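One-based numbering along the sequence shown. Side-chain atoms are counted along with the backbone in the values below, which use heavy atoms only and exclude waters and symmetry mates. No experiment lies behind these values; they were computed from the predicted model shown.
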Amino acid sequence: YKDTLENILDHQPLVSIIIPCYNAGAFINESVSSVLRQTYKNHEIIIVNDGSTDTETIKILHTLNLPKTKVYHTQNGGPSAARNYAIERSSGKYILPLDADDKIGSTYLEKAVSILESHPNIGIVYCRAEFFGKKTGEWILPPYSKETILLENMIFATAFYRRTHWQKVGGYNTNMIYGMEDYDFWLSLIDSEDCDVYKIDEILFSYRIKDVSRSLLLGVDNRNVLMFTQLFYNHTNLFLKNNNMKILIENRLNILQEIKLLRKIFLPITKGRGFINKYLTDSLLSIYQAVVKNIFRIRNLSRKMIIYFRG
């Protein structure tokens with residue numbers, strides 16, 4: 001019997017579901033229940049109480065006693081730190097982050113693991129999604145490509161990836177303090193592993209819409225701009241690789257003459273260079289900030305760069 005069980009488990013690798021929880025105790029049972037209903041049974045659930053201040057959440061997490069579920073308590077460090085903390089204490093071959101107020105469909109694990117096991121070139125698996133709560137209906141996201149993900153993120157946080165890839169890129173970046181840490185992480189995987197991405201053509205993820213959320217708070221005090229800027233700093237090489245910066249700018253701004261000028265300057269400079277000139281990086285960062293803010297400062301930046309590189 002033992003040999004038979006081990007053979008079964010060998011073909012059913014462990015999946016670790018990672019759930020950071022900050023003041024979301026009211027929803028945690030619903031979230032965990034969606035995992036426990038999975039048709040794929042070889043999984044573990046790791047919850048991290050990320051320094052919650054809500055007394056009800058603290059009480060719920062200290063008394064939570066559900067199958068296959070472990071709860072850890074840490075000081076508040078944000079989702080990146082909480083996810084890294086949980087993954088370090090998990091054992092799964094595959095990782096699935098899940099926010100404490102969201103849910104997954106009952107066959108999500110089964111279908112994702114099947115894809116990952118049979119296609120070693122695939123590093124990220126996600127699915128179609130829907131809203132629930134204050135808003136309902138399908139969450140329509142643009143198709144994924146290695147070019148379009150530089151323009152915007154179309155892979156939500158609750159997507160599967162391999163533990164070995166998480167280890168190789170060093171986990172989630174804790175400098176994404178206001179959000180977009182999932183976007184940053186996908187860029188790390190895509191850049192480091194050059195892995196393929198697969199989308200299951202079925203709604204298997206439910207994203208809760210509330211009156212106040214971390215996503216909405218990104219619009220406060222230019223936090224979205226700060227995070228896009230940090231994203232650029234974290235992945236400068238990726239944005240400069242091939243024609244990625246050209247793709248980014250052309251899709252954000254319709255200033256064709258300026259784009260031609262930038263292409264004429266950038267391509268000879270970056271080709272074959274084993275390092276990135278600091279001035280070039282800073283100038284590109286300024287352009288990227290202008291793109292994000294929709295402030296049309298490209299002309300002056302172009303002139304400054306021409307003066308610098310020709311002077």
Check ion pair R89-E44 (N to O, under 4.0 angstrom):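 Answer for the salt bridge query: no.
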
Lys/Arg cation over aromatic Y172: R83, 6.0 Å, 45° cone: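 The answer is yes, since R83 meets both limits relative to Y172.
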
Intermediate values then yes/no, side-chain contact (heavy atoms from CB on, under 4.5 Å), Q230 and F228: CA-CA 5 Å; Q230 188 63 62; F228 271 117; over 6 Å; no

State the [atom1]-[atom2] distance between [X] and [Y], to the nearest 0.5 angstrom.
| X | Y | atom1 | atom2 | result |
| --- | --- | --- | --- | --- |
| L150 | L238 | CG | CG | 5.0 Å |
| C21 | D101 | SG | CG | 8.5 Å |
| Y85 | N49 | OH | CG | 10.5 Å |

Ring geometry between F131 and Y207 (parallel below 30°, tilted from 30 to 60°, perpendicular above 60°):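 Correct class here is perpendicular.
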
Single-linkage hydrophobic cluster I115~V197, side-chain heavy atoms < 4.5 angstrom: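 As far as the 4.5 Å side-chain criterion goes, V197 and I115 are connected within one cluster.
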
Hydrophobic cluster identity match, W139 and Y144, side-chain contacts under 4.5 Å: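 Linked, W139 and Y144 end up in one cluster.
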
Pair F160 and Y108, ring centroids less than 6.0 Å apart: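 Judged by ring-centre distance (under 6.0 Å), F160 and Y108 do meet the cut-off.
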
Validation row, ring centre Y161 to ring centre F185 under 6.0 Å: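 Yes, the ring of Y161 comes within the 6.0 Å limit of the ring of F185, centre to centre.
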
NZ/K59: more than 12 non-hydrogen atoms of other groups inside 6.0 Å: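 No - once you tally the heavy atoms of other residues, nucleotides and ligands closer than 6.0 Å, there are 12 at most.
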
